[in-house]
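Here the structure comes first, spelled out in structure tokens, and everything after it is commentary.
All heavy atoms count here, side chains included; hydrogens, waters and symmetry mates do not. Ligands are counted one by one from 1 in listed order, and the atoms in each one are counted from 1 as well.
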Amino acid sequence: MKTVICPGSFDPVTKGHMDIIERASKLFDKVIVAVLNNASKHPCFTIEERIGLLRETTGHLSNVEISTFDGLLVDFAKLRGASAVVKGLRAVTDFEYEFQMSMINKKLCPEIETIFLNTSQEYMYLSSSVVKQIARAGGDISMFVPEEIRDKIVDRLLNM
Ligand code: PNS
């Protein structure tokens, strides 16, 4: 049984995240989506809100579980019996940071692999920050977030 972790801030989950989670769920037996609970990152959405949005958008994926962690990702991965961390890689901008993280994680815990999935072309440019910017400015985020959570994201960002 191959278990992998899809970690992130998910502030909020976007179609880009869903692309990676759905593809990982086809490749592995179990996918644990791990939401970083770290107040120093000052997320817009609370940990409960981020988990709730992810539960709503992944309900159709029977082998996907939503969880949360703080501290080191590799410790969480070991605790949950995962053999790898799966991350989406957008255009060149992500590479340096993700490469550094994967090397550090390998040093901290050599038995946990990092697997990169190239983000699908239509989501190469997408990020949670861009979604927040557009929604706060009254723009349409339908193209960027799953339909079932669009209104919740907009309401929340316009009422901050
Ligand atoms: O969606 P993000 O913000 O790019 O996700 C980043 C995340 C959560 C994967 C990363 O910040 C992380 O793994 N944080 C946990 C702390 C850790 O293990 N750091 C690695 C060693 S420096």
query: Quick check: does any side chain N or O of Ser25 sit under 3.5 Å from a backbone N or O of Val64, one acting as donor and the other as acceptor?
result: no
field: Donor-acceptor contact present, side-chain Arg136 to main-chain Leu158, <3.5 Å
entry: no
With a 4.0 Å cut-off on N to O distance, would you call [X] and [Y] a salt bridge?
X: Glu56; Y: Lys152; value: yes
X: Lys87; Y: Asp94; value: no
X: Glu113; Y: Lys106; value: yes
X: Glu147; Y: Lys15; value: no

Report the nearest protein non-hydrogen atom to [atom]: residue, atom name, distance rounded to 0.1 Å.
atom: atom 11 (O) of ligand 1; value: Tyr97 OH, 3.8 Å
atom: atom 4 (O) of ligand 1; value: Lys87 NZ, 3.9 Å
atom: atom 10 (C) of ligand 1; value: Met101 CE, 3.5 Å
atom: atom 22 (S) of ligand 1; value: Ile104 CG2, 4.0 Å
atom: atom 1 (O) of ligand 1; value: Ser9 N, 3.0 Å
atom: atom 18 (O) of ligand 1; value: Leu73 N, 2.8 Å

- prompt: Can you check whether Asn105 has an N/O within less than 3.5 Å of an N/O in ligand 1?
  reply: no
message: Between ligand 1 and Gly8, is the shortest N or O to N or O distance under 3.5 Å?
response: no
- prompt: Which option out of Cys109, Pro43, Gly71 puts a heavy atom nearest to atom 15 (C) of ligand 1?
  reply: Gly71
field: Approximate separation, where rounding is to 0.5 Å, of Ile20 CD1 and Thr119 OG1
entry: 4.5 Å
